[in-house]
Structure formats: C-alpha cells, structure tokens
Amino acid sequence: MGSILVGHTDSLFGNVPIQGAKNSALPILAATILCTGTCIVNNCPDLSDVNSTVDILKALGAKVKKEKNCITVDSSNINSYIVPQEMMTKLRSSILFLGSVVSRMGKAELYLPGGCKLGPRPIDWHLKALSDMGLEISLQNDMLKCETYGKLKGTQILLPLPSVGATENIILAAVLARGTTIIKNAAREPEICDLCNFLSSCGARIFGAGSSTIEIIGVDELYGTEHNVIPDRIVAATFMSATAITTGKVTLLNVVPKHLKSISKVIKKSGCMISTTQDTLTIESSGEIKSVGKVITDPYPGFPTDAQALIMAMCTIAKGNSEFVENIFENRYKHVEELLKLGADINVVGKKAIVNGVESLYGNHLKAKDLRGAAALIVASLAAKGETIIEGSEHLDRGYENFELHFKNIGANIKRI
Ligand code: UD1
C-alpha cells in the first residue's frame, strides 16, 4: 500500500497527453481470444488492471507480448477454459472472459469478479442473456461452470437497463454464435463502439453499435487485426476537474471532445472556459468556481458515474450548493467521508448528495477506497491549504498511467511516498 502526498497548488498550466481508455482496453483484450490470428492493440494504458488481464490471457494459453502501450496477443493456441479465482477477483472486467471463453472453447470455468466496491454489482443479466443463447450455467460457491454443448444460438435480448458489462459480454458471445443476436436497450458508451470496431476489423458482423439496438450476425471465424484504443474520457475528466478547482489553463491532447460532452457541460456551469479542436480540449479556470446545479449520473450519453466523485470534489469550494444524484450504483459516495475530513460540507441522503461550497479546504490524512474516489481526493487536495496524505495509491494504479508525473508536469505539488 502506497500513499500520495499533495501540497496546495495555486495553478496548473501546460499540456497533458491522455492515455488510452481502460474501459476499452480491457474488453478488447478479452476479445482477442476470439481471433485465430495475432492482434496488435495499440494505445493500451500501462495499468495494473491491464497486467491482470494479460495474466488471464496467458493462463488461457495465449502468447502475449507487452511493450509499453502496445500489446500483441497470439491466441492461436488457446488451450484452457479455466480462469483461476485469484485472477478473476483482481478486477471487475474479468467477467468479460465469460463471453469470450465460452465463445472460443465451448465451455468455461471461472469465478465471480472483483473490482471497486460500489455496492452490489450483480451479473444476473449477463447470465440470463447467455443462458437465453443456450449456455448451461451452474453457480456454486462463487464458481461458474458453463458449457455450450455446440455453438451458442443468436436470440433477441432485452436488457432491463443499458448495462455496459452485460452488453459487452453478449457481444463477445454473439460474434461467433449461430445466427443473429439482437440486443435491445444496449449500452451506448464509446467503449462499446470501440470494442465493436475492434471486432468488426477482425471480421465480425456488428450493426448499430452506439445506438440502443445492436445486431450481431455470427460468423465462423475471426482473424487478427491492429487496433488503437480510444482515449480515456474519465482520465480527461480528472485533469479537467483539477484545473477547475485550481486556476490555470490546461490542454488535453489526444481526446475525443464529443465523448466529453456531458462532463464539459457541467464544468462550464462552474464558470470555466472550454474550447476544443478535433482531438484536443483546453480548459481555463479563474479558480473562482460557481455551483454546478444538479448532476445526475446516467448511462451514456448521460453524465458518467465514473466522473461523479471528481466533479463533487471540484464543487466542494464552489460558490453555492450543488446537488448530485447517483443513479447507477447504490454505494458510490465513499469519497464523501474523506472529503469531509478536508472541511467540505456534504450531506448524503440515499442516492442524493448536497454539496455546500466552503471558503477553504484544509489538508488532512485521507484514505482512498476506490479508483475514481482516489482521484477525486487528489483533486480536492490540490485546492486544500497545507498538505494532504492520501493512502491507497494502488487504487489509482488500476486506472491511471503515470498519474503523479502528468500532474507534476503541469505544476501540481504531488509525490508518491
Ligand atoms: C459501470 C458503469 C460504467 C463504469 C463502470 C465502472 C454505467 C451504465 N455503467 O459499468 O460506465 O465505467 O461501472 O465504474 O454507467 N446490473 C444488474 N445486473 C447485471 C448488470 C448490471 O443489476 O447483470 C446493474 C448494476 O448493479 C448497476 C447498473 O446495472 O446498477 C449498471 O451496471 P453496468 O453498466 O453493468 O456496470 P459496469 O459494467 O460495471
């Protein structure tokens, strides 16, 4: 367990290259085992979650070469259908190997996944959908034993909510299934489109990615390809909220501004100026920020749950009250307790949190409890008077590449201790 030391930072200035998206890279890596040829995945962020996924690929028999941000996967000799429990529990997206392993091997033996503790994170919709496609599943003591007895069959699946993970698992299972699968109320996140673009370039037939209805026509074989992972919109949101809470002008390089629309809209309400080009976003802040009104987390294109803690951190010193409604997860306010230790004024009632902006925050000793919560504590600590120690830097390493380095380069007082 490491800690991060953050000192008060008046302003941030400069450029930050934004890493590839973790939430794209992980499903794409899980998808590589569906291909008979070699896949080259570029712009892969160098993260502990990516390393854990590489370990799973190797356990299944893939040959994997990782060079900085390029991962090459040769899946021609996949020979196992078992993902060991210690690998499954390291991250949430390990559950995507359910769809890809059954699709490739006709059976799978894996365990319930790990990941950030954000309240209950069931996988019942994943299991129901795959069982509707013909998969036989038994769950005993956290172990999932699955067998297809022949190829999976395409069918129509209506998701109760546009679940990102369930949409991805169904796509992974459907690309090599017999016949056509139609997902209704599918997730529309950019990371879903990235996965579908990757699979399409391997020979998959997928239509409607990015809309609520995705149609997948099963094919017999997928081939190798080369793919560039899209930029990480939540990492971009992290630097945006940090610039807003200090003063300064920061340009994010390699971003897709349209993926950041809902986040930019909220940050603009705080009084910051945002300008974009095709692949950059510049944010300018005077440091005097206003309340942002009501922020409701929703599936894409709504405001992302992953940016809720970051924007809340920003609002702790905004003039006036801001209100948050967390619609995706039941227990995603663990950062609030720590923000209070900095002197923030936040009241949580059920899924609502009211933030009354305070004049100043004061450094303290904090404990990060999840990935985005950890980043939010750092954002708030930049504005706090004095020094703050944030324990639990391993949470950050799951999602941010060179976190302190990028912040240091734009003038933040930050170091790992
Ligand atoms: C979710 C977020 C995603 C974020 C990730 C990590 C949404 C819609 N999804 O993805 O943006 O990057 O967390 O923070 O914002 N659910 C069930 N049964 C299931 C699957 C999901 O009840 O089988 C519920 C979940 O409990 C949750 C909601 O559906 O309340 C959305 O879950 P889902 O999108 O699947 O979660 P993740 O894939 O983890």
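Computed from a prediction, not measured in an experiment: that's the story for all the values here. Numbering of ligands and ligand atoms starts at 1, following listing order.
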Worksheet entry | Among A187, P162, G302, P113, closest by any non-hydrogen atom to atom 8 (C) of ligand 1 | P162
Item to complete: Before signing off on this row, confirm whether L161 and ligand 1 have an N or O atom pair separated by under 3.5 Å.
Response: no
Practice prompt. Pull out every atom of ligand 1 sitting under 4.0 Å from any heavy atom of D306, numbered as shown with elements.
Written response: 4 (C), 6 (C), 12 (O), 14 (O)
Worksheet item: Salt bridge check: are D220 and K151 linked by an N-O gap of less than 4.0 Å?
Response: yes
Worksheet item: Heavy atom under 4.0 Å from ligand 1: found in Y300's side chain, backbone, both, or neither?
Response: neither
Practice prompt. Anything under 30° is parallel, anything over 60° is perpendicular, the rest tilted; go ahead and classify F403 against F407.
Written response: tilted
Worksheet item: R92 heavy atoms, cut-off 4.0 Å: which ligand 1 atoms fall inside?
Response: 39 (O)
Worksheet item: Any side-chain donor-acceptor pair under 3.5 Å between E221 and T36?
Response: yes
Worksheet entry | Reported CD1-to-NZ distance for the pair I40 and K65, which is rounded to 0.5 angstrom | 8.5 Å
Worksheet item: For ligand 1, is there an atom lying under 4.0 Å from some heavy atom of P304?
Response: no
Worksheet item: Taking the side chain from S241 and the backbone from I311, do they hold a donor-acceptor pair closer than 3.5 Å?
Response: no
Practice prompt. Give yes or no for whether the N/O distance cutoff of 3.5 Å, strictly under, is met between N23 and ligand 1.
Written response: yes
Worksheet item: Under a heavy-atom criterion of less than 4.0 Å, does R332 contact ligand 1?
Response: yes
Worksheet entry | ligand 1 N/O within reach of I328 N/O, cut-off under 3.5 Å | yes
Practice prompt. Identify whether the distance between the nearest side-chain nitrogen and carboxylate oxygen of R332 and E326 falls below 4.0 Å.
Written response: no
Worksheet item: What do you reckon, does D298 have a nitrogen or oxygen under 3.5 Å from a nitrogen or oxygen of ligand 1?
Response: no
Worksheet item: Would you say G165 and ligand 1 have an N/O pair spaced under 3.5 Å apart?
Response: yes
Fill in: Within reach of ligand 1, part of T305 (heavy-atom separation under 4.0 Å)
side chain
Worksheet, complete the sentence: Applying side chain to side chain donor-acceptor pair (under 3.5 Å) to N356 and not counting sequence neighbours gives N321, D345
Practice prompt. Before signing off on this row, confirm whether S163 and ligand 1 have an N or O atom pair separated by under 3.5 Å.
Written response: yes
Worksheet item: Can you name the ring pair (Phe, Tyr, Trp, His ring centres under 6.0 Å) partners of H126, sequence neighbours left out?
Response: none
Worksheet entry | Audit row: V50, K22, side-chain contact (heavy atoms from CB on, under 4.5 Å) steps and yes/no | CA-CA 8 Å; V50 167; K22 167 175 95 84; 5.8 Å; no
